[in-house]
Amino acid sequence: MRPPERRETGEQDLFRSRLDQIFDLKHPLVALGRTVDWEFLEREFGAVYTDDPGRPPLPTRLMAGLAILKHTYDLSDEVLCERWVENPYYQFFCGEEFFQHRLVFDRSSLTRWRNRMGEERLQALLQESLSVATRTMAIKPSELSRVIIDTTVQPKNVTFPTDAKLLNRAREKLVRLAQCHGVNLRQSYARVGKFALIQHQRYAHAKQFKRANRMLRKLRTYLGRVIRDIGRKIEGNGGLDAAFTRLLLLARRVREQQQRQRGPKVYSLHAPEVECIGKGKAHRPYEFGVKVSVATTLKHCKGGQFVTHVKALPGNPYDGHTLETVIPDMEALVGNTIARILADKGYRGHNAPPHYKFRVFLSGQKRGVTPQIKRELRRRSAVEPVIGHLKAEHRMGRNYLWFRRGDANNAVLAAVGYNFRRLIRWLRILLRQILSALFVGPTINPA
């Protein structure tokens, strides 16, 4: 005989619901995977794909989840693939229903997916991180209306450039390319070029600058001879001309550029988009990469201080001239009107939109500053540790992605990883609160 069904009371329903919450929150990645609106990301990223014949694309949740995990835990593509195979929580976060014992994607798929999405669509991950923070009460929507803005440098994966190294490296790359295409050069200058580079470094270290400059002129002469020799050998050959055009152009720029010339210069042959940026740091006068604008919330929210906007700014623009593009992009991303912006003195003379003229406040400003704004200006420097975390823990400290699109993608993904790291910490705190509320130890009543 079937036993009669027992009707659960309200307390039992509450207990069961809390047990379900514990099951969801037994690992922060499980709770985070169930909180993220994957359908929104599917709509944003799915617009890139078409129904043309060919190999079907990988699931959006898989690729978006991998991008989040990579920058949340500061992993390279290779290490991410290794962790994904052995970590069931990573696989659950990426949408797998059963444990996979081998990769269901290729490592190069990560690179192709990032390049296909681009900066504009990757902003959807940053937007979703703020949306999850709002749904989990880690941040209030009203706290997104007051922000701090600052700029930093995202260094590229290049060595410190010197004229001698660039001249010798350009000659080596031209000689190697000529050998690959079967172009016989009159002389490669491999031995004497290397010796001249070593001599230049030794003379410069000994502060014998006349001798060092003489070696530098030798290196420039060797490069010029190789350029002219290749130009004579490939003249009239369309195929070879197309193969050598880009590298010859870079080599000529390296040979002709001077130490204190105005305008863009070549600081790296494999990353010619690199710019020299000086931020006035005593320990690092010049950095080589791209300028990045970072915006954070003014208030330290329950879940921490979240990044609300990030944008790479090629061309090394003046800080104050970046607000014209940063403010509209931030409002479109956050979905809220920016009521107050705090910045440092580097934004003096800014070109913010006209109706934001009295919403931007700078450090040291006296006019129009109320006591409340004066207190808020003391928190202007709170953006500095956020930038430090972005660089030290979320792969903004050295960008390994190629070209300008790599600069933009890496900056956005670093902010995404930072926000999701805050969310994981916040969900872990919620788990502890639920467990402490459910499993309270026995209380001893005094006699």
Side-chain angles (χ1 to χ4, degrees), residues 20-46 57-114 116-117 121-139 303-304 306-307 389-390 393-395 409-410 412-432 434-435:
D20 292 339
Q21 290 178 353
I22 291 175
F23 176 75
D24 290 346
L25 291 173
K26 64 181 179 181
H27 193 278
L29 278 179
V30 176
L32 188 61
R34 293 179 177 177
T35 309
V36 174
D37 188 0
W38 299 106
E39 294 181 359
F40 166 73
L41 298 179
E42 182 73 33
R43 291 193 301 269
E44 291 293 324
F45 297 144
L58 292 170
T60 297
R61 177 169 179 175
L62 172 64
M63 303 310 299
L66 289 171
I68 293 171
L69 292 173
K70 171 184 170 65
H71 286 265
T72 300
Y73 295 105
D74 189 12
L75 306 174
S76 64
D77 289 348
E78 292 80 3
V79 176
L80 176 63
C81 294
E82 296 174 1
R83 297 273 183 92
W84 190 88
V85 173
E86 64 185 18
N87 195 321
Y89 295 111
Y90 281 21
Q91 295 188 16
F92 180 86
F93 183 75
C94 294
E96 296 294 332
E97 297 182 1
F98 303 97
F99 184 77
Q100 302 291 339
H101 295 275
R102 60 181 181 179
L103 286 177
V104 297
F105 58 95
D106 189 70
R107 183 194 62 80
S108 58
S109 301
L110 298 170
T111 302
R112 290 194 293 269
W113 186 81
R114 283 191 298 261
R116 176 172 288 186
M117 292 302 115
R121 287 186 173 83
L122 289 177
Q123 293 279 1
L125 292 176
L126 184 59
Q127 186 176 5
E128 180 60 22
S129 68
L130 297 175
S131 178
V132 172
T134 304
R135 290 197 294 269
T136 58
M137 295 180 291
I139 187 174
F306 288 86
V307 176
H389 285 295
L390 287 172
E393 302 167 6
H394 303 285
R395 304 187 71 80
N409 294 346
N410 191 74
V412 175
L413 289 173
V416 171
Y418 173 86
N419 283 354
F420 276 100
R421 175 70 72 87
R422 305 276 80 74
L423 288 172
I424 290 173
R425 180 178 175 272
W426 171 247
L427 292 175
R428 188 176 289 115
I429 293 174
L430 290 182
L431 171 61
R432 292 173 182 172
I434 292 176
L435 291 177

If I compare all heavy atoms of [X] with all of [Y], which pair ends up nearest, and what's the gap?
X: Ala64; Y: Leu41; result: CB-CD1, 4.4 Å
X: Ile424; Y: Pro28; result: CG2-CB, 3.6 Å
X: Cys94; Y: Gly65; result: SG-C, 3.9 Å
X: Val307; Y: Ala415; result: CG1-CB, 3.8 Å
X: Thr136; Y: Trp426; result: O-NE1, 2.8 Å
X: Thr35; Y: Glu128; result: O-OE2, 4.5 Å

Check whether more than 12 heavy atoms from other residues, nucleotides or ligands sit under 6.0 Å from atom CD of Glu86, and answer yes or no. yes
Please assess Trp113 against Leu122 for the test side chain to side chain contact (heavy atoms under 4.5 Å, CB included), listing each intermediate value before the final yes or no. CA-CA 10 Å; Trp113 186 81; Leu122 289 177; 3.9 Å; yes
Among Asn410, Asp77, Asn409, which residue satisfies the side-chain hydrogen bond (donor to acceptor under 3.5 Å, both in side chains) criterion with Arg114? Asp77
Please round to the nearest 0.5 Å and tell me the distance separating atom [atom1] of [X] and atom [atom2] of [Y].
X: His394; Y: Asn419; atom1: NE2; atom2: CG; result: 9.0 Å
X: Cys81; Y: Arg102; atom1: SG; atom2: CZ; result: 14.5 Å
X: Arg421; Y: Phe306; atom1: CZ; atom2: CZ; result: 13.0 Å
X: Leu431; Y: Leu427; atom1: CG; atom2: CG; result: 9.0 Å
X: Gln123; Y: Met117; atom1: CD; atom2: CE; result: 14.0 Å
X: Arg116; Y: Arg121; atom1: CZ; atom2: CZ; result: 10.5 Å

Which of Ile68, Leu125, Thr72 passes side-chain contact (heavy atoms from CB on, under 4.5 Å) with Leu413? Answer is Leu125
In sequence, state the C-alpha distance, the side-chain angles, and the governing distance for Phe40 and Gln127, and then conclude on side chain to side chain contact (heavy atoms under 4.5 Å, CB included). CA-CA 10 Å; Phe40 166 73; Gln127 186 176 5; 3.8 Å; yes
Is there a side-chain contact between [X] and [Y] (heavy atoms, below 4.5 Å)?
X: Ser109; Y: Leu58; answer: yes
X: Lys70; Y: Arg395; answer: yes
X: Met63; Y: Phe45; answer: no
X: Leu75; Y: Leu69; answer: no
X: Asp37; Y: Arg135; answer: yes
X: Gln100; Y: Trp84; answer: yes

Would you call the rings of His389 and Tyr418 parallel, tilted or perpendicular if under 30° counts as parallel and over 60° as perpendicular?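 If you compare the ring of His389 with that of Tyr418, the planes turn out tilted.
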What's the verdict on side chain to side chain contact (heavy atoms under 4.5 Å, CB included) for Leu110 and Leu80, showing C-alpha distance, side-chain angles and the deciding distance? CA-CA 10 Å; Leu110 298 170; Leu80 176 63; 4.1 Å; yes
Considering only NZ, NE, NH1 and NH2 on the basic side and carboxylate oxygens on the acidic side, decide whether Arg107 and Glu78 come within less than 4.0 Å.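 Yes, Arg107 and Glu78 are salt-bridged.
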Side chain to side chain contact (heavy atoms under 4.5 Å, CB included), that's the test. Do Leu29 and Phe92 meet it? Break it down for me. CA-CA 8 Å; Leu29 278 179; Phe92 180 86; over 6 Å; no
Ring centres under 6.0 angstrom apart (Phe93, Trp38): yes
